[in-house]
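Read the structure below first, then the notes.
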Amino acid sequence: MSHSNSYEFWFRFRRFSLWVFVCCLFFLFFGQALFFFTYPLLTYADQALYLYCGRLILEGGLPYIDVFDWNPPLVMYLAMIPVLAAKVLQAIFSNSELLRYSFPFLSSPSLEILSFNLLTLACGCYSALLSMFLFYRYKGAVSLWLRMPLLFLFGFYFCGQNYSFGEREHLHFGLILPLLVLRLLRLHGKNISSQHSLAAALPASLTLLFKPQFLLAYCAFEVILSLQEFRPQSVQSQQAEVSESQPKAQLKSQPESQPKAQLKSQPESQFKSQVKSLLGKLALFVPLPLRFYRQPEIYCLLVMVLGYLGWFFFLFPADARTCYLQEILPMYDSAYGFSRRAFLLLFRADSLILQSVSISFAGLFLGLVLSRRSVFAAALTAFLAVSLVNYFYGNQVWLYRLVPCEGAAVLVLGEAIYLFGFSLSRRSRGRLMALSLVYMLFGA
């Protein structure tokens with residue numbers, strides 16, 4: 001086989017394996033949607049309360065006044081979206097007796113639950129497709145092909161949730177991935193359009209406002225990226241200057257009988273090189289150039305945070321705001337006290353929580369191992385570590401609170417597969433083709 005024919009065959013094979021992954025990802029979300037059509041009343045306590053609050057607000061009720069809930073009001077107002085979607089669908093199919101008889105879930109309560117589950121699933125599908133597009137648009141088909149296991153693991157974990165499906169942690173994990181991919185591409189120096197930046201940042205910014213812990217974990221992700229982005233411009237340049245200023249060959253070739261002036265100049269040059277290396281290390285603590293933060297996604301996040309605070313303190317109904325600040329927030333201390341006393345007992349009694357915690361710690365260890373080879377793995381490890389600290393600090397053993405930790409561990413595993421495939425891509429095309437066969441079998 002000639003070189004041109006071999007390249008053409010490799011190009012077609014890679015494109016075919018990429019389409020296999022895309023189809024597997026599509027059938028993953030499509031199969032979960034069919035599952036929800038089969039069980040249209042499948043929901044859990046918190047998700048049902050969100051829907052009830054959304055319906056109550058649409059009917060003119062007030063949060064914390066007409067219904068009690070611990071959570072901040074954002075999730076209640078976002079829950080109006082599936083309720084409105086259910087009302088629209090019910091109005092469309094209300095005139096067809098045959099459809100209502102054939103599909104009993106077109107009644108009001110079941111249609112609201114079905115709309116909530118399908119919209120949550122659509123969030124995960126949107127995140128996977130947008131991340132796929134960003135990799136393909138700004139890194140190329142080969143990079144997307146190597147990243148497909150990460151995206152498939154993301155979709156598999158997102159669709160595989162049961163009790164946590166539709167929780168705030170689940171929505172946060174489902175919509176944060178495009179923003180993480182976008183910031184990684186910024187780190188690689190890609191010039192991303194404002195439309196694509198806003199498409200990734202706007203949904204993720206909404207989920208970051210669900211809880212302060214989410215914003216804290218994302219800040220840890222950004223800190224690692226900022227350190228890695230500044231490192232090549234400071235430390236490596238300083239090390240290059242030091243190595244160029246004193247080549248080892250010149251030091252070895254110097255005669256033993258040197259003038260005293262040259263012998264005195266050697267300690268001075270060594271002192272200067274040590275000072276330069278020290279300044280290079282101290283440069284790590286210098287703030288990152290503002291160009292890394294003067295980006296549309298960062299502006300979108302800041303506007304969303306300030307807009308949410310302004311809406312809560314100036315536009316949110318005064319009676320509901322007073323009730324939340326003066327009556328509900330003081331209850332957090334007693335509630336956390338009960339959770340603190342029951343923490344060890346609940347942690348010991350639930351095997352699912354032990355499994356999620358074990359996966360999270362395994363992902364943390366794997367991320368620490370890979371952090372020297374991958375900036376993305378290091379940033380995900382920081383995200384995972386802060387999420388674990390938030391989990392144990394909160395002293396609540398609810399399973400859904402582990403979704404960001406366990407999801408980040410799954411992404412770290414996807415990054416490990418990417419590094420393995422990237423190392424093979426530098427060697428031989430035959431090994432890479434064998435790896436693509438493994439990818440296709442994994443996807444199937």
Side-chain angles (χ1 to χ4, degrees), residues 14-33 120-161 165 170-188 190 192 196-197 199-201 203-204 207 221 359 363 366-367 370 374-377 379-381 383-384 403-404 406-425 432 435-444:
R14 186 191 64 201
R15 185 172 60 180
F16 175 74
S17 61
L18 183 61
W19 275 110
V20 168
F21 254 112
V22 172
C23 292
C24 290
L25 195 62
F26 170 76
F27 283 115
L28 184 66
F29 285 97
F30 182 72
Q32 189 68 19
T120 302
L121 192 65
C123 291
C125 186
Y126 170 81
S127 182
L129 292 177
L130 182 57
S131 302
M132 190 185 306
F133 171 77
L134 290 175
F135 277 127
Y136 180 78
R137 173 66 176 79
Y138 296 101
K139 294 289 285 184
V142 176
S143 178
L144 173 61
W145 181 79
L146 292 172
R147 292 284 186 180
M148 281 307 296
L150 183 144
L151 299 176
F152 186 82
L153 287 173
F154 163 80
F156 182 80
Y157 180 77
F158 182 86
C159 295
Q161 299 301 307
F165 194 90
H170 185 241
L171 291 171
H172 168 60
F173 172 73
L175 290 173
I176 196 68
L177 181 62
L179 182 60
L180 304 183
V181 171
L182 181 69
R183 297 301 290 167
L184 177 65
L185 295 175
R186 292 283 188 194
L187 184 68
H188 292 166
K190 302 301 179 181
I192 303 173
H196 299 159
S197 300
T207 63
F221 180 89
I359 293 175
L366 180 61
L370 298 176
S374 171
V375 180
F376 194 52
L380 286 175
T381 303
F383 182 90
L384 194 157
V403 170
E406 196 175 6
V410 171
L411 295 181
V412 170
L413 177 60
E415 182 68 10
I417 299 175
Y418 163 76
L419 293 175
F420 176 71
F422 184 76
S423 63
L424 284 182
S425 65
L432 199 59
L435 180 64
S436 63
L437 287 175
V438 175
Y439 280 2
M440 288 189 293
L441 292 175
F442 176 77

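Atoms considered below: every heavy atom in the structure, side chains included; atoms not considered: hydrogens, waters and symmetry mates. Just so we're clear, the structure is a prediction, and the values are computed from it rather than from any experiment.
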Could you tell me the separation between the CZ atom of R183 and the NE2 atom of H188, rounded to the nearest 0.5 Å? 12.5 Å
Taking side chain as C-beta onward, heavy atoms only, is L411 less than 4.5 Å from L153? no
Write down the atom of I192, the atom of S197, and the distance for their closest heavy-atom approach. CG2-OG, 3.7 Å
Of all residues at least two apart in sequence or in a different chain, which pass the side chain to side chain donor-acceptor pair (under 3.5 Å) check with H170? none
Any chance you could lay out the side chain to side chain contact (heavy atoms under 4.5 Å, CB included) test for L130 and L177, step after step, and finish with the verdict? CA-CA 9 Å; L130 182 57; L177 181 62; over 6 Å; no
Salt bridge (Lys or Arg N to Asp or Glu O under 4.0 Å): which pairs involve residues 138-149, sequence neighbours left out? R147-E415
What distance do L180 atom CG and F221 atom CZ have between them, rounded to the nearest 0.5 Å? 4.5 Å
Closest contact, heavy atoms only, P178 versus L134: O-CD1, 3.9 Å
For a quick test of reading the model, state the closest non-hydrogen atom pair linking L380 to A408 and the distance between them. O-CB, 4.3 Å
If the test is ring pair (Phe, Tyr, Trp, His ring centres under 6.0 Å), which one of Y157, F383, F158 qualifies with F173? Y157
Please round to the nearest 0.5 Å and tell me the distance separating atom CZ of F156 and atom SG of C24. 12.0 Å
S374 side chain to L370 main-chain N or O, any donor-acceptor pair under 3.5 Å? no
Measuring from atom OG of S131 to atom CG of L144, what distance do you get when rounded to the nearest 0.5 angstrom? 10.5 Å
Kindly give the heavy-atom pair with the smallest separation between F154 and G124, and that separation in Å. CE2-O, 3.7 Å
Side-chain contact, heavy-atom cut-off 4.5 Å: Y126 with P203? yes
dist S143:OG -> L185:CG (nearest 0.5 Å) comes out at 8.0 Å
If you take all heavy atoms of L151 and L25, which pair is closest and at what distance? O-CD1, 3.8 Å
Nearest heavy-atom approach of I359 to A409 is O-CB, 3.5 Å
Indicate whether the side chain of H196 and that of Y138 have a donor and an acceptor atom separated by less than 3.5 Å. yes
Strictly distance-based, threshold 3.5 Å: is any side-chain N or O of T207 a donor or acceptor partner for the main-chain N or O of A204? yes
From L121 CG over to C159 SG, what is the distance, rounded to the nearest 0.5 angstrom? 5.0 Å
When the ring planes of F30 and F26 are compared, do they come out parallel, tilted or perpendicular, using 30° and 60° as the limits? parallel
